[in-house]
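All values below come from the heavy atoms of this structure, side chains included, with hydrogens, waters and symmetry mates left out. Chain naming here is simple, since letters A, B, ... match the order of the sequence lines and numbering starts at 1 in each.
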Number of protein chains: 2
Amino acid sequence: MKNKHMERHQTLREKILETIREAILKGNLKPGEKVAEPELAERFGISRTPIREAFRQLESEGYLTVIPRKGAVVAALSERDVQEFYAIKSILEGYAASLAARNLTEKELERLETVNRKLRSLAEEGDVRSFYRVHNEFHEIFLKAADNSKLYGLIHQLGMKFNRLRMASLSVNGRMAISVDEHEKLLDAFRRKDPETAENLVKKTASIGSKVLLESMMNNHHGDTVNLNQDKH
Amino acid sequence: MKNKHMERHQTLREKILETIREAILKGNLKPGEKVAEPELAERFGISRTPIREAFRQLESEGYLTVIPRKGAVVAALSERDVQEFYAIKSILEGYAASLAARNLTEKELERLETVNRKLRSLAEEGDVRSFYRVHNEFHEIFLKAADNSKLYGLIHQLGMKFNRLRMASLSVNGRMAISVDEHEKLLDAFRRKDPETAENLVKKTASIGSKVLLESMMNNHHGDTVNLNQDKH
DNA sequence: TGTATGTATACTGTATACAATTTACATACT
DNA sequence: AGTATGTAAATTGTATACAGTATACATACA
């Protein structure tokens, strides 16, 4: 067998897929922008075939809008899209919380408490980036505890498209501290094995987050669609 | 090779996509079965290219499991998969119901009542196929009234994979009549503009349906995975 | 006899060639 | 001038060719 460079398991298609997806998420490819196959093929020095296949996948994932015989454009998100997606995400996360409330072990609860203590100190320091990372860790724990892999996958799929926006949402002043308080209430519900309360708390948190987000979007709006790129301007 | 009648604005990729998806849904392609590109290309008299592209899309949609350099197999659904999917679908439909309760107009409410009256008579006649169709119509109405296109799309995506199973679920004796009663309770909640009750009713209905379904699956189980094909008359 | 290995075969991954269609632009016409 | 039309360029859709890798089966070896 070949134990040498087994890292080479990724196909060109998979690599280009991730590259394009990353470019869209990072804002290097902006919503509404046209994505031409020959250009990408030239840029990456490969043929059109893997690119075309990646396009089909990206289309299914909602990153690209493909018009037959015309080409592909980066999917533009209207405020309405954001609202809808956020509502769905909150409902799914709420459900995950209710499942987690039933399943969480003592060990996991302690873990959540540890993570939230860390969040409190990060909020005080005002370290948004670290807060964001650890915040995700908190959610990861109870998402996994919900023990529904399809749910987990769906939430992640939705989350991926809004990660950058969520970061912006947390940057709003005081938002981090509030988040920690909300987590504390949630932890309380978890400890009491109270699925309903846990669900409602998560839903409420998400709905507030959505509101904050939409407001920040309204401020620097570009027509009726939104650019996910938050690094510039 | 030119096409005879160019009356189709659809690309070959889209056609083959639907064909394969349909074949999986109908059970002509069974879970676990290997799907080879050259064979399909030969069968449909086209090249491998559109087939490969369709594969990527089907992979994203969860119909195929592709192993690099080995090939694609029809995704097999474990009972756990069914349980998980069903749970998510019920949660999303429940949410849709709660939104619908807020939005439904008098006209739509009357429409729902008309449809449910029709369902009652179909249940008495024992016409499962028609019942299934009209049953979907009932759900369509309040799903659309929920006025969240992403939610609508997601529910449909999930539903597609389980349509045939749901038909089996309705075939269980007495299930149709119960469904009509449940609709009536739901309509009542809609009339009272009671989102919470509407949501809980839909969730409960789905959870019962899931249970019925899983039981019928247990009976004619094929190892640990499930064949979606139910049309052996 | 059972395991290992080599080779033939088949299939996937990628590149390239070609066909069909859209888009852009220049030209002609009112 | 403004619109219509025809042609060229660009781009997508499809087919085919080729290379690399996995699988199957036969053969050799212990």
Side-chain angles (χ1 to χ4, degrees), chain A residues 1-21 23-24 29-30 32-75, chain B residues 1-21 23-24 29-76:
Chain A
M1 312 308 131
K2 43 211 82 148
N3 303 344
K4 296 178 183 178
H5 297 93
M6 281 300 269
E7 306 297 305
R8 181 65 195 79
H9 255 272
Q10 229 183 4
T11 64
L12 267 181
R13 183 198 103 234
E14 285 172 312
K15 284 201 287 185
I16 205 70
L17 175 74
E18 282 171 25
T19 303
I20 298 173
R21 187 158 48 198
I24 293 174
L29 284 171
K30 298 191 185 73
E33 192 171 327
K34 188 161 187 243
V35 189
E37 294 168 13
E39 195 218 311
L40 287 176
E42 171 112 14
R43 174 124 64 98
F44 294 103
I46 61 175
S47 80
R48 278 173 51 217
T49 310
I51 291 172
R52 281 183 64 80
E53 292 182 19
F55 272 28
R56 305 283 92 85
Q57 212 151 337
L58 289 163
E59 188 187 5
S60 283
E61 290 172 9
Y63 290 94
L64 292 182
T65 305
V66 176
I67 301 152
R69 302 225 169 258
K70 278 201 62 179
V73 295
V74 177
Chain B
M1 247 179 281
K2 288 193 145 199
N3 280 332
K4 304 162 203 172
H5 299 287
M6 211 38 204
E7 75 167 45
R8 46 166 164 282
H9 14 299
Q10 232 183 0
T11 64
L12 268 179
R13 168 181 64 82
E14 285 171 314
K15 286 204 298 177
I16 205 69
L17 175 74
E18 282 172 24
T19 303
I20 298 173
R21 189 158 46 198
I24 293 174
L29 284 171
K30 297 190 187 72
E33 192 172 325
K34 189 165 186 235
V35 189
E37 295 168 13
E39 195 217 312
L40 287 176
E42 172 111 17
R43 174 123 63 99
F44 296 102
I46 61 175
S47 81
R48 279 173 50 218
T49 310
I51 291 173
R52 280 183 65 79
E53 292 182 18
F55 272 28
R56 299 305 159 241
Q57 212 152 336
L58 289 164
E59 188 187 5
S60 283
E61 290 171 10
Y63 290 94
L64 292 181
T65 305
V66 175
I67 301 153
R69 301 230 166 255
K70 276 202 62 183
V73 295
V74 177

Quickly work out the [X] [atom1] to [N] [atom2] distance and round it to whole Å.
X: A:K34; N: D:dT11; atom1: NZ; atom2: P; answer: 6 Å
X: A:Q10; N: C:dT14; atom1: CD; atom2: P; answer: 10 Å
X: A:R48; N: D:dT14; atom1: CZ; atom2: P; answer: 11 Å
X: A:I51; N: C:dG13; atom1: CD1; atom2: P; answer: 16 Å
X: A:I46; N: D:dC18; atom1: CD1; atom2: C1'; answer: 17 Å
X: B:I16; N: D:dA15; atom1: CD1; atom2: P; answer: 10 Å
X: B:E42; N: D:dT14; atom1: CD; atom2: P; answer: 19 Å
X: B:L40; N: C:dA10; atom1: CG; atom2: P; answer: 17 Å

query: How many angstroms lie between CZ in B:R13 and CZ in B:R56, if you round to the nearest 0.5 Å?
result: 13.0 Å

- prompt: Phosphate oxygens OP1/OP2 of C:dT14: is one of them under 4.0 Å from a side-chain N or O of A:S47?
  reply: no

query: So, is B:R52 close to the D:dG13 phosphate, meaning a side-chain N or O under 4.0 Å from OP1 or OP2?
result: no

query: Which one of B:E61, B:E53, B:E59 satisfies the side-chain contact (heavy atoms from CB on, under 4.5 Å) criterion with B:Q57?
result: B:E61

field: Residue closer to the 5' end of DNA chain C, B:E37 versus B:T49 (nearest nucleotide)
entry: B:E37

Is there a side-chain contact between [X] and [Y] in this structure, where contact means two heavy atoms from C-beta onward sitting under 4.5 Å apart?
X: B:V74; Y: B:K30; answer: no
X: B:I16; Y: B:L40; answer: no
X: B:L12; Y: B:T49; answer: no
X: A:K15; Y: A:F44; answer: no
X: B:R69; Y: A:T11; answer: no

Nearest listed nucleotide, side chain of A:E53, among C:dT12, C:dT14, D:dA15: C:dT14

field: Candidate nucleotides D:dT14, D:dT12, D:dG13, ranked by approach to the side chain of B:P50 - the nearest
entry: D:dT14

task: May I ask you to say what A:R13 touches in the nucleic acid, namely base, sugar-phosphate or nothing, with a heavy-atom cut-off under 4.0 Å?
output: sugar-phosphate

Between protein and nucleotides 23-25 of chain C, what N or O pairs are separated by less than 3.5 Å?
| from | atom 1 | to | atom 2 | distance (Å) |
| --- | --- | --- | --- | --- |
| C:dT23 | OP1 | A:K70 | NZ | 3.1 |

